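Remember, it's a predicted structure, so these values are computed and weren't measured experimentally. Any value given below was found using the heavy atoms of this structure, including those in side chains, with hydrogens, waters and symmetry copies removed.
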There are 4 protein chains.
Amino acid sequence: MLIGGLLHDERTLERDDAPAAISLGDRYFAVRARSEAIASPLSAEDQQLQSMPDASPTKWHLAHVSWFFETFLLSRDPTYRPFDPNYTYLFNSYYDSVGARHPRPQRGLLSRPTLTEIMAYRAHVDRAMLDRIDGLPADLVTLGLHHEEQHQELILMDIKHAFSMNAIAPAYAPADVAQPVSGEGGWSRFDGGLIEVGHDGVGFAFDNEGPRHRQWIEPFRLADRLVTNGEWEAFVEDGGYRTPALWLSDGWAMVCAQGWQTPLYWRDDRRIFTLHGEQSLDPSAPVSHVSYYEADAFARWAGKRLPTEAEWEVAASDLAAEPTGASIEPLPATGSGLRQMTGALWQWTASAYAPYPGFKPADDATGEYNGKFMSGQMVLRGGACITSPGHTRSTYRNFFPPAARWAFAGVRLADEA
Amino acid sequence: MLIGGLLHDERTLERDDAPAAISLGDRYFAVRARSEAIASPLSAEDQQLQSMPDASPTKWHLAHVSWFFETFLLSRDPTYRPFDPNYTYLFNSYYDSVGARHPRPQRGLLSRPTLTEIMAYRAHVDRAMLDRIDGLPADLVTLGLHHEEQHQELILMDIKHAFSMNAIAPAYAPADVAQPVSGEGGWSRFDGGLIEVGHDGVGFAFDNEGPRHRQWIEPFRLADRLVTNGEWEAFVEDGGYRTPALWLSDGWAMVCAQGWQTPLYWRDDRRIFTLHGEQSLDPSAPVSHVSYYEADAFARWAGKRLPTEAEWEVAASDLAAEPTGASIEPLPATGSGLRQMTGALWQWTASAYAPYPGFKPADDATGEYNGKFMSGQMVLRGGACITSPGHTRSTYRNFFPPAARWAFAGVRLADEA
Amino acid sequence: MLIGGLLHDERTLERDDAPAAISLGDRYFAVRARSEAIASPLSAEDQQLQSMPDASPTKWHLAHVSWFFETFLLSRDPTYRPFDPNYTYLFNSYYDSVGARHPRPQRGLLSRPTLTEIMAYRAHVDRAMLDRIDGLPADLVTLGLHHEEQHQELILMDIKHAFSMNAIAPAYAPADVAQPVSGEGGWSRFDGGLIEVGHDGVGFAFDNEGPRHRQWIEPFRLADRLVTNGEWEAFVEDGGYRTPALWLSDGWAMVCAQGWQTPLYWRDDRRIFTLHGEQSLDPSAPVSHVSYYEADAFARWAGKRLPTEAEWEVAASDLAAEPTGASIEPLPATGSGLRQMTGALWQWTASAYAPYPGFKPADDATGEYNGKFMSGQMVLRGGACITSPGHTRSTYRNFFPPAARWAFAGVRLADEA
Amino acid sequence: MLIGGLLHDERTLERDDAPAAISLGDRYFAVRARSEAIASPLSAEDQQLQSMPDASPTKWHLAHVSWFFETFLLSRDPTYRPFDPNYTYLFNSYYDSVGARHPRPQRGLLSRPTLTEIMAYRAHVDRAMLDRIDGLPADLVTLGLHHEEQHQELILMDIKHAFSMNAIAPAYAPADVAQPVSGEGGWSRFDGGLIEVGHDGVGFAFDNEGPRHRQWIEPFRLADRLVTNGEWEAFVEDGGYRTPALWLSDGWAMVCAQGWQTPLYWRDDRRIFTLHGEQSLDPSAPVSHVSYYEADAFARWAGKRLPTEAEWEVAASDLAAEPTGASIEPLPATGSGLRQMTGALWQWTASAYAPYPGFKPADDATGEYNGKFMSGQMVLRGGACITSPGHTRSTYRNFFPPAARWAFAGVRLADEA
């Protein structure tokens with residue numbers, strides 16, 4: 001299923017470096033429409049679900065991304081009439097400088113405003129945005145669009161988690177047919193040295209991707225493709241989840257406390273829960289929904305390690321990005337050479353999420369966007385099949401706590417050269 | 001608002017001792033229709049809400065009461081085709097002998113089956129029930145109807161709690177107008193002695209209401225009406241919530257841990273959250289949504305005590321029951337003499353919920369209906385404005401944990417004669 | 001081991017109705033000395049242990065009972081010089097009206113004052129008490145002595161729990177030898193009727209034992225002796241801990257959450273942890289350290305029930321009390337007829353702990369002694385082997401939460417006549 | 001107070017690069033004696049205390065360090081007779097490969113073995129070690145000694161925390177007199193470039209300090225001395241603990257949940273709890289017992305940042321180490337230039353604790369020493385006043401979770417050059 005397939009050339013439309021002919025207004029329209037396309041298979045009831053404090057209801061996502069435009073852009077115009085003053089409180093995510101907010105674990109209790117009202121809110125914001133778009137700061141509009149694309153991915157992650165709690169195993173969308181065959185695995189070697197990483201400021205990037213800076217890395221190797229379900233089964237069968245020596249201490253505590261025995265969505269009898277409902281486990285597909293702790297333990301078991309984010313970025317910097325958004329579950333690798341860098345799953349790195357040298361968050365409320373989360377999390381690189389088209393970059397820094405398993409995250413191994 | 005007002009004579013229809021002319025099938029239809037009338041102001045999104053583990057979504061209630069008929073009645077007939085085999089798991093509440101069940105705190109995550117499917121389930125069960133009703137054990141059908149009436153009240157309690165978490169303060173129904181004036185308060189005296197309490201087996205009663213048995217009680221007095229909001233304000237202003245000497249030790253621990261300062265739904269500026277949304281606090285209306293701990297502390301502050309359940313029953317046994325179901329929020333007392341015994345709020349008693357002498361639960365699964373909850377709870381007597389018409393009796397034993405505040409519960413004082 | 005065996009006639013000395021020749025001062029001395037005798041096998045390190053929030057270190061008990069005399073008696077005399085003003089804070093247990101206090105779960109962190117200092121505190125209080133004893137209110141002194149006797153039992157309960165957490169299984173005292181053989185089990189019948197229960201005010205009693213009042217009870221039978229370990233083993237082997245139908249709902253939740261499979265101190269291979277260290281399980285000894293939930297489930301399994309506290313009291317009222325304090329673990333029953341009413345274990349009743357009709361706590365701080373705990377607990381009757389000699393009565397009401405297992409509590413069955 | 005002052009030249013004895021004339025046996029004796037000197041002011045009761053799961057009783061530390069020698073060295077010799085086979089279980093800290101162990105949060109419940117028995121255990125191990133020391137692998141003996149030195153510091157950290165819970169505010173040792181005056185603050189500049197960090201393998205180092213490797217760093221500046229209490233007071237007065245914009249998101253959550261308003265041991269009225277009991281706050285002394293979150297928020301408030309561990313190491317590499325162990329509370333800086341790098345407090349860095357490139361833990365059980373803790377923690381550099389003499393190095397990597405406050409940790413600011 002191709003979400004937002006209504007747009008035959010959406011990738012072009014959404015790229016920051018797209019021809020100047022693509023106006024900001026057109027890109028605004030394309031991104032907003034895609035959110036609604038993603039939500040469209042879900043009923044008002046489905047869109048109400050919140051299965052854990054870290055996740056949010058679909059309809060809350062749809063409202064929050066609109067709140068972002070209203071709060072940081074439209075409210076600058078004194079002639080703008082807010083859709084509903086209560087929404088400032090209800091749909092603020094974590095911006096302390098904007099004010100108080102509805103408690104995060106209780107987002108699923110907001111049956112009102114209804115989905116219909118939220119769709120009207122979106123229309124209200126859209127009309128106001130399109131009226132004013134030429135007068136608004138383009139970089140902030142662009143930030144709002146990338147923000148919305150992040151929530152597009154969250155909608156899919158979150159509904160997958162919510163549906164997985166239902167014994168009926170609902171499907172978000174029917175499954176596609178024939179899965180491609182997996183290609184061979186191999187290794188690609190890189191020289192390292194005094195390299196540069198980070199975004200150079202040309203085109204859009206989140207603040208956490210810069211400043212670009214020098215870093216020294218030693219020669220290294222990266223696995224050509226992601227670890228597969230079949231390889232993970234060998235790890236399970238070898239007692240991987242029962243061998244403390246393979247685990248970080250915090251990871252082993254999670255294994256014991258949570259009773260982890262397989263990746264999050266694996267079920268008995270080689271079945272797996274997916275956005276297509278329950279399916280047979282495909283041994284050639286990349287393993288997904290593992291935590292950092294599991295990724296790290298697997299690498300240790302395999303006698304390898306996870307790449308650092310700098311290593312990953314160096315390897316990716318010369319590659320053409322593989323398309324994202326073409327599938328809602330990760331597909332097996334095909335072909336040969338360094339693959340699945342962006343099109344399949346986010347990849348855990350060995351790097352803790354920290355500010356780059358010289359990083360300074362913005363002075364206004366958008367300074368809360370990234371900087372304040374720079375502790376206790378690990379960086380993931382790449383991009384997943386459900387990541388919005390054109391959304392990711394080789395410098396992109398995704399991040400999750402090391403125990404998180406509901407992201408579309410997998411494992412690429414690294415080694416010394 | 002009169003729920004189920006469509007039935008001009010529903011109270012007659014639903015009474016167990018109604019004229020024999022009222023068939024069981026007619027009563028079945030009336031009770032089932034009333035559940036749907038109660039749910040009708042709520043959207044599919046509203047009916048999805050679960051605001052705490054003790055509460056359930058409206059649509060879950062609607063399904064579970066149907067599950068009860070399916071499990072304990074229809075499944076006896078081998079020709080009956082279950083609507084969906086998954087429902088056995090999804091809509092079992094707490095019957096261990098029936099099998100495994102969906103975890104209680106996660107009932108709010110069941111967006112599927114949809115509300116539409118659950119309404120179809122109800123229709124399927126209704127058709128099957130009406131086809132077979134003459135051949136089914138009438139006492140068990142009647143139990144199923146009283147069970148459904150209990151859930152009618154729970155639907156209103158639970159949605160009130162869920163709506164109270166929303167800063168928008170949604171109204172379940174528009175408010176009625178002119179509130180009647182409160183009558184005078186006084187005391188009624190009772191002689192006590194060797195009395196009989198408990199249900200005598202004529203007409204329907206839950207198992208926990210019997211066996212009828214002898215008990216000795218000393219002379220006592222009961223307050224003619226319930227404690228009012230105005231009286232409770234005096235308690236608050238006198239530091240009632242800040243004076244440990246007034247409280248049971250467990251109660252004081254709750255006051256401190258939960259930060260209780262007023263009844264559950266009181267808000268600043270003499271406002272109160274109700275099923276009509278946020279309203280002005282009416283000082284003449286009975287105080288509601290207080291826990292046993294608060295009721296007990298208030299009684300101590302007032303130099304009085306709570307009645308025992310035997311005292312309450314003796315006093316109520318000769319009274320005509322006041323109508324329930326005529327309002328969705330409790331109204332001030334009118335007139336004089338012993339009032340508000342059944343029409344306004346459940347009333348906390350000083351009695352722990354325990355089996356009557358000689359009590360034996362049924363041998364089948366319905367034996368789990370009441371008996372296994374006989375620890376850690378307190379008995380409430382009476383009936384609330386939202387209790388289904390004809391549902392309560394002078395022998396009726398309602399029960400909640402002493403810290404529960406979301407029931408429609410108030411306070412009647414007692415004293416020595 | 002006979003604690004405080006130094007006193008050949010201590011039971012006589014401590015009885016409230018002992019000959020007038022026994023002065024209050026002599027009784028004060030005897031009780032105080034017995035506390036120290038109980039603590040004497042324990043090192044300063046042992047006396048420091050607190051194994052859970054409900055339990056307290058031995059040395060804290062030794063100090064707290066002295067604080068009671070200092071706070072409620074000595075402080076009335078302006079010439080009394082407190083031993084250390086900090087102790088008011090450190091050794092207050094739960095008296096809100098006395099002021100702030102050291103947090104209960106952190107009593108085990110008070111290495112200072114040292115045990116030596118606490119023994120000096122005891123000596124200081126003793127000297128001051130004995131100097132003034134004739135001028136102090138005798139009833140309050142007597143309350144203080146009974147209070148100290150309660151803590152004597154707590155010292156043994158608490159150290160047993162603490163030692164049980166140690167893989168070394170320390171023994172509080174060496175085991176006695178030959179256990180007597182168990183007597184036959186049978187049933188005693190009682191007529192019931194309009195009886196009186198509660199203390200009549202002659203001699204000492206705690207406030208919760210009165211007022212004496214009338215109550216109606218039907219004819220009933222009591223088991224002649226307590227349920228034995230051997231009988232409990234049959235319950236275990238019959239799947240008692242795996243059969244939800246036998247349990248109260250809250251009890252079953254505890255079984256699942258805590259993983260209960262046997263009484264608290266049973267270990268593998270028919271071993272049991274005792275105050276003598278780890279021993280072989282004696283099938284003829286009464287089962288001990290079970291919760292109310294377990295007692296209730298066992299009774300249901302056996303087709304019987306637990307007695308009410310009124311039934312127990314009626315049965316006990318004409319019996320000579322069996323001696324307590326003669327052993328530190330319960331012994332098998334010997335002889336025939338109604339036995340083990342006081343000498344072996346406290347016995348769970350079916351009665352929730354509630355005020356008797358007309359109960360009023362004292363107006364001063366001692367009013368906090370009992371009344372505020374009258375919710376969420378069940379009454380136990382009898383007296384245990386470790387209860388201080390002369391401490392218990394047929395009207396005595398002990399109480400614990402239904403999940404508590406560290407008390408010396410066992411099970412006596414009841415049935416209809 | 002100079003701990004272990006009995007040894008006039010202990011620093012010489014304990015240095016790894018001390019003259020060959022100092023035998024391993026002599027160093028063994030010196031380190032072991034110092035542990036006992038540290039424990040000597042504490043009674044058996046004091047040594048029993050465990051104030052939180054992260055802390056351990058003094059006597060447990062004394063036993064565990066002996067267990068380390070017994071388990072990893074003495075047990076290699078089949079003629080060695082273990083002191084007590086239970087100790088393998090009781091005093092294992094976290095070595096999964098050695099076997100099961102006593103639960104960490106319950107170490108404070110081990111009144112047995114007694115302190116006296118533990119001292120006998122130490123003597124037994126010492127005798128066995130000194131008999132065999134020439135035949136044992138010197139590197140493993142040396143690891144055991146450095147391990148014991150780490151626990152020497154933990155004993156002081158842990159007892160400080162335990163004593164702080166006591167309203168009496170016990171002093172571990174009497175206070176020293178005249179505090180030196182604080183020196184001026186300034187900045188030292190460093191060029192950066194392609195530098196080397198990590199231990200070069202000459203002399204002892206923990207495994208986590210290597211391998212030595214190249215790293216690129218840009219020019220930077222370090223504050224010459226640590227942040228003082230006086231500077232921290234300005235932060236508090238400026239609302240530092242009430243301004244979310246200054247905090248990492250996880251840090252702000254801790255501020256709110258724990259109610260942080262000052263460093264851990266600050267008290268009202270400019271008082272501070274110390275190992276000398278409660279004292280006046282010295283504004284010129286370095287601020288101590290702050291978490292990483294607080295250090296980071298302070299740096300942001302000051303317009304600066306924390307140093308990376310590489311920056312700290314480059315700056316320290318040419319400095320003579322300042323003595324540690326000369327005081328038990330940090331003293332104000334004296335003199336000028338880069339100071340307090342090792343003699344006062346550990347210093348939070350901006351670096352998450354992660355393996356150096358090419359790091360491989362040992363294959364045997366000692367491989368669990370450091371590697372498995374490499375997630376969720378931040379690196380601290382330096383050394384504290386209570387760190388054992390000669391124990392630290394410029395490559396030394398200490399680590400704690402970002403919320404930990406009971407370590408002797410302070411703040412050094414960094415900035416771009």
Side-chain angles (χ1 to χ4, degrees), chain A residues 39 41-53 55 57-60 62-63 83-92 99-119 121 158-172 277-278, chain B residues 39 41-53 55 57-60 62-63 83-92 99-119 121 158-172 277-278:
Chain A
L42 300 170
S43 72
E45 291 162 276
D46 294 335
Q47 297 200 32
Q48 189 64 41
L49 303 182
Q50 180 178 32
S51 54
M52 61 171 172
T58 306
K59 90 178 188 193
W60 191 93
L62 292 177
F83 183 75
D84 186 323
N86 286 313
Y87 288 17
T88 303
Y89 175 83
L90 294 176
F91 300 119
N92 181 0
R101 56 187 177 270
H102 183 76
R104 178 169 192 146
Q106 298 174 11
R107 289 177 184 167
L109 299 183
L110 300 174
S111 63
R112 321 278 178 97
T114 63
L115 178 55
T116 306
E117 287 167 325
I118 284 171
M119 296 311 281
Y121 176 42
D158 290 358
I159 199 69
K160 183 170 183 178
H161 190 266
F163 278 177
S164 78
M165 314 294 273
N166 191 329
I168 292 175
Y172 167 80
E278 208 173 284
Chain B
L42 300 170
S43 72
E45 290 162 276
D46 294 334
Q47 297 200 33
Q48 189 64 41
L49 301 182
Q50 179 177 34
S51 55
M52 59 171 175
T58 305
K59 91 179 188 191
W60 191 93
L62 292 176
F83 183 75
D84 186 323
N86 287 312
Y87 288 17
T88 303
Y89 175 84
L90 293 177
F91 299 120
N92 182 0
R101 56 187 177 273
H102 183 76
R104 177 168 193 146
Q106 297 174 11
R107 290 175 184 168
L109 298 184
L110 299 174
S111 63
R112 322 277 178 99
T114 64
L115 178 55
T116 306
E117 288 167 325
I118 284 171
M119 296 311 283
Y121 176 42
D158 291 358
I159 199 70
K160 183 170 182 177
H161 190 266
F163 278 177
S164 80
M165 313 294 273
N166 190 329
I168 291 176
Y172 167 80
E278 208 173 285

Check whether any side-chain heavy atom of [X] sits under 4.5 Å from a side-chain heavy atom of [Y], and report yes or no.
X	Y	value
L110(B)	I168(A)	no
L49(A)	Q48(B)	yes
D46(A)	T114(B)	no

Handout entry: Side chain, backbone, both or neither of L90(A) within contact of chain B (heavy atoms, under 4.5 Å)
Key =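 Answer is side chain: those atoms of L90(A) sit under 4.5 Å from chain B.
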Handout entry: Per-residue contact mode, S51(A) against chain B (heavy atom under 4.5 angstrom)
Key =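 Interface part for S51(A): both.
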Problem - Option that, when pairs with chain B are counted at under 4.5 Å, heavy atom only, ranks first among A162(A), P113(A), S111(A), P103(A) - result: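 That would be S111(A).
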Problem - Inter-residue atom distance E45(B).CD - R112(A).CZ, 0.5 Å rounding - result: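 The CD atom of E45(B) sits 9.0 Å away from the CZ atom of R112(A).
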Problem - Nearest-0.5 Å distance that lies between atom OG in S43(B) and atom CG in L115(A) - result: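 Here the interatomic distance stands at 10.0 Å.
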Practice task
Check whether Q47(B) gets within reach of chain A through its side chain, its backbone, both or neither, counting any heavy atom under 4.5 Å.
Solution key: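 Contact with chain A involves no heavy atom of Q47(B) at all.
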